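Lettering of chains follows the sequences in order, A, B, ..., and the numbering in each one begins at 1. Note: hydrogens, waters and symmetry copies are ignored here, and every other heavy atom, side chains too, is used. Source: prediction; values computed, not measured.
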2 protein chains.
Amino acid sequence: MTKSKEAKRLDTSTEEKIIQAASKVFTQKGYVGTRTRDIAEEAGINLALLNYYFRSKEKLFQLIMAEKLQLLFSVILPIVNNDDLTLEEKMEALVENYIVLLVDNPDLPLFVLGEIKANPEGFKDRLQVRKLLQHSSFIRQLRERRPDLEPVQFIVSLLGMTIFPFIAKQILFADDKIFKKQMEERKILIAKWAKMMLET
Amino acid sequence: MTKSKEAKRLDTSTEEKIIQAASKVFTQKGYVGTRTRDIAEEAGINLALLNYYFRSKEKLFQLIMAEKLQLLFSVILPIVNNDDLTLEEKMEALVENYIVLLVDNPDLPLFVLGEIKANPEGFKDRLQVRKLLQHSSFIRQLRERRPDLEPVQFIVSLLGMTIFPFIAKQILFADDKIFKKQMEERKILIAKWAKMMLET
DNA sequence: AAATATTTTAATCAAATGATTAAAAACAAT
DNA sequence: ATTGTTTTTAATCATTTGATTAAAATATTT
């Protein structure tokens, strides 16, 4: 019946298994470092089946990348244009939400930034982060608070303090346990530091 | 004579041309993204000649990577253990020297961090940054100044503010001209912010 | 100049890898 | 049960790519 079919789909449909596997392997090894065979193996299926479902490595990659960009944007967008939040509240929310997201997806930043560098053309249209921020209430509030400060300088610092630990994790932190604990503490630290940076 | 041989070597010896080309292509595309044919073409030589000089892609890569790590360490080492510098002077020197280095080598951070992630084993021994910092006078000074603050939290912020813009360059900055100008201004900004962060 | 060593090239190999095909197996509809 | 559709597999292809080889060209030494 449709029941069992639905149940199977919701459970672990082959398509979903492939997407999960692709997500894992692509974010870990990047596009060129990933072999479609690796994805197939990770998904517990045959290589041909992967091409049957997604036509090509490229198509599957595009799907995963779109998913990851969506994930990253979904943190920024609802915050930077929320007029109900003060500048301080926006900063706190950004840091808090990003750290929560990245603790669960530590490979995300290096993956996305690496792929953008490897193929800038492919992201030209999809990434108008600059334009997006340009007209945000976040930027407006920053300009009002500190007219002498180039907003992008502050934003780069805020994002750098938040995202960089996940990029340099391998080098600077001993084990995962300690890392997670310190990232928790970091939420408050960054918020405090960011506020200090805005004082004249 | 030896003269002409020397002259030729110093000029643009084949070996040097290959190293230059490998440096460029590897840092731009990473290990897996680089084809030995790309390096050969960039160097204006034959593919076989590359293997004649360096035996394998792997060997050539190791050479380049060692060069790049040396470049990065050469900025940190002389500063963090220089007892003649105050904490503030160390911070200023680190930021200043790193930005100078990275403006000329913008691909460096993403390249090195990407390769470490792709092959953590291969760096296990070469990267004892943690141990290196652990016993530095920089850390000691940080602990004295702010005993309540985990030093690594401050260092990650300092490095993040300094290095992250070069990693996210593609996304956050319009053109190269503006980017360089703002990185210049950033030297003073980060130093100022870092000092504020250390105030209680 | 002859002999020797070094540098460079064209051609080719073998392994890896993305993709396809044709057939089998599982499932659903009649 | 029979038929038709969807899912899965094994086998194979074609291309890419790191590496090798043998020979030619160039430079160095005697």
**OP:** Could you tell me whether D175(A) and K169(A) have a side-chain N and a carboxylate O separated by less than 4.0 Å?
**Re:** no

Original post:
When the distance from OH of Y53(A) to C1' of dT8(D) is rounded to whole Å, what number comes out?
Top reply: 9 Å

**OP:** Examine dG18(D): is either OP1 or OP2 under 4.0 Å from a nitrogen or oxygen in the side chain of T36(B)? Give yes or no.
**Re:** yes

**OP:** Give a yes-or-no answer on whether the side chains of T162(A) and R186(A) include a donor-acceptor pair shorter than 3.5 Å.
**Re:** no

Original post:
Within less than 4.0 Å of OP1 or OP2 of dT8(D), is there a side-chain N or O belonging to T14(A)?
Top reply: yes

**OP:** Write down the distance between CG (L49(B)) and P (dA25(D)), rounded to a whole number of angstrom.
**Re:** 16 Å

Subject >> Distance in angstrom units between L50(B) CG and dT21(D) P, rounded >> reply: 17 Å

Subject >> Pair K181(B) + E184(B): basic N to acidic O under 4.0 Å >> reply: no

**OP:** Return the 5'-most residue of the pair T34(A), G44(B) with respect to DNA chain C, ranking by each residue's nearest nucleotide.
**Re:** G44(B)

Subject >> ring pair (Phe, Tyr, Trp, His ring centres under 6.0 Å) assessment of F164(A) paired with F164(B) >> reply: CA-CA 6 Å; F164(A) 185 76; F164(B) 185 75; 7.6 Å; no

Subject >> Whole angstrom value for the distance that separates C1' of dT16(D) from OH of Y31(A) >> reply: 13 Å

Original post:
Counting side-chain heavy atoms from CB outward, which of dA10(D), dT8(D), dA19(C) is closest to N51(A)?
Top reply: dA19(C)

Original post:
Do you know which of K187(A), K195(A), K192(A) makes side-chain hydrogen bond (donor to acceptor under 3.5 Å, both in side chains) with E92(A)?
Top reply: K195(A)

Original post:
Using a cut-off of less than 4.0 Å, is there contact between a side-chain N or O of Y52(B) and OP1 or OP2 of dT7(C)?
Top reply: yes

Original post:
R55(B) CZ to dG18(D) C1': how many Å, rounded?
Top reply: 12 Å

Original post:
Is there a side-chain polar atom (N or O) of N46(B) under 4.0 Å from OP1 or OP2 of dA10(C)?
Top reply: yes

**OP:** Give the nucleotide from the list dT8(D), dT21(D), dG18(C) with an atom nearest to the side chain of A48(B).
**Re:** dT21(D)

Subject >> Side-chain-base donor-acceptor pair under 3.5 Å for R35(A) and dG18(C) >> reply: no

**OP:** Return the value, rounded to whole Å, for the distance between atom CD of E58(A) and atom P of dT16(D).
**Re:** 16 Å

Original post:
In whole Å, what is the span from the CZ atom of F54(A) to the P atom of dT20(C)?
Top reply: 15 Å

**OP:** May I ask you to verify if any side-chain N or O of S56(B) is less than 4.0 angstrom from the OP1 or OP2 atom of dG18(D)?
**Re:** no

**OP:** Could you check how far NZ of K57(A) sits from P of dA16(C), rounded to whole Å?
**Re:** 16 Å

